[in-house]
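Scroll down for the structure; my scribbles are underneath it.
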Protein chains: 2
Amino acid sequence: MLSKKTKYGIKALTYLAKQENRIPVQISTISKSESISQKFLESILLTLRKSGMLGSKKGKSGGYYLLKDPNNIVMVEVMRVLEGPIALVPCVSLNFYEKCHDCPDEKACSVHNLMLEVRDSMLKVLNDKTLADFI
Amino acid sequence: MLSKKTKYGIKALTYLAKQENRIPVQISTISKSESISQKFLESILLTLRKSGMLGSKKGKSGGYYLLKDPNNIVMVEVMRVLEGPIALVPCVSLNFYEKCHDCPDEKACSVHNLMLEVRDSMLKVLNDKTLADFI
DNA sequence: TTAATCCCTATCGGAATAGTAGATTTAATT
DNA sequence: AATTAAATCTACTATTCCGATAGGGATTAA
């Protein structure tokens, strides 16, 4: 299941991408428009800022705005930043690999092989989709 | 992330599919071979029996065995029985559909549209793979 | 100076996960 | 018939994670 964090994050990014210009939008504005708990959204936007997708402006009439062009915000990156690994098991993860301690031979493991294919099929979609596709 | 329940379930099914004949295998045997907590495995095998994939025999020299041919045990069904919905959000689930209460228009929702494609790509793999592929 | 806004840390309740314990039922073997 | 080994069923527990909340602190435009 997708966490609400990721769900809200994608919605917020879409909202920002739909803005005509790149002037800062307040958290409260997005929170109301997308009916997201404001405090929760706050922490999500902070994460996205740290990852380099968003910029922010402090103080009065501050807010968040896209740093990159929507074409260059690939959904796989959004997922990795907010949700974590794409793979459903650590032993097939590209960016968060971890060996199964109970698995003597990955090549012979049915779970490993199945999830490898699932991962690849997901990546095919997520590597292709960008924020621009949702404007 | 895939739950251990599903992971163990797939491993146990694979183990049973690899047996030459269809005589019952004890839980303890599978549990040792695959290093799975026996009691936990117990409840998993019970679930798989109720779903019709496994048969069981009680009493001495009892155990679990495959009911169907490995070719007819499709991984998408295993996943649905043990893990639940394939879709990452309920609003794109085929078997467990639920409307998002915060989403006025699914067609216009970026999360919905993205996850729709992810689901389809996953289904393409899971509908195709059967237990027989892992023997 | 003030008010609005981002930034940061801490906490909390509830749900889900993974596993445990023990009693019961069933069936093969002696 | 008694014994034994196995699945079955119910209930419980510990831990972790998620979503949300609370309360300031820092920053900046007006």
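- Both B:Gly59 and A:Lys57 lie near DNA chain C, and the one whose nearest nucleotide falls closer to the 5' end is A:Lys57.
- Side-chain proximity of B:Lys58 to D:dA29, C:dC6, C:dT26: nearest is C:dT26.
- Salt bridge present: B:Glu117 and A:Lys129 bring a charged side-chain N and a carboxylate O closer than 4.0 Å.
- The nearest heavy atom of DNA chain C to A:Lys60 and to A:Arg49 marks one nucleotide each, and the one closer to the 5' end goes with A:Lys60.
- Atom pair A:Ile44:CD1 and C:dC8:C1' shows a separation of 16 Å (rounding to whole Å applied).
- Taking atom OH of residue A:Tyr65 and atom P of nucleotide C:dC6, one finds them 12 Å apart after rounding to whole Å.
- Distance, A:Gln26 CD to D:dT28 P: 16 Å, rounded to whole Å.
- Here D:dA20 is the nucleotide among C:dT20, C:dC8, D:dA20 with the atom lying nearest to any side-chain atom of A:Ser37.
- Note: CD1 (A:Ile23) to P (D:dA29) measures 14 Å, nearest angstrom.
- When the P atom of C:dA15 is taken as reference, atom CE of A:Met1 falls 17 Å away, rounded to whole Å.
- Heavy-atom neighbours of A:Glu106 CD from other residues, nucleotides or ligands within 6.0 Å: above the threshold of 12.
- B:Ser3 and B:Thr6 are linked by a side-chain donor-acceptor pair at a separation below 3.5 angstrom, with hydrogens and angles left out of the test.
- Closest to the B:Lys39 side chain, of the nucleotides C:dA28, C:dA21, D:dT21, is C:dA21.
- Ion pairing between A:Arg80 and A:Glu77 fails under the 4.0 Å rule for side-chain N and carboxylate O.
- When the nucleotides D:dA7, C:dC6, C:dG19 are ranked by their closest atom to the side chain of A:Ile27, C:dC6 comes out on top.
- When each of D:dA6, C:dG19, C:dC7 is scored by its nearest atom to the side-chain atoms of A:Leu46, the top-ranked nucleotide is C:dC7.
- Taking the nucleotide of DNA chain D with the nearest heavy atom to each of A:Lys4 and A:Glu42, the more 5' of the two is matched to A:Lys4.
- Checking the phosphate oxygens (OP1, OP2) of C:dT29, no side-chain nitrogen or oxygen of B:Ser61 falls inside 4.0 Å.
- Straight-line distance from the CG atom of B:Leu45 to the C1' atom of D:dA7: 10 Å, rounded to whole Å.
- Residue-to-nucleotide proximity on DNA chain D shows that, of B:Gly63 and A:Phe40, the 5′-proximal contact is made by B:Gly63.
- One atom, CG of B:Leu82, and another, C1' of C:dA16, lie 16 Å apart when rounded to the nearest Å.
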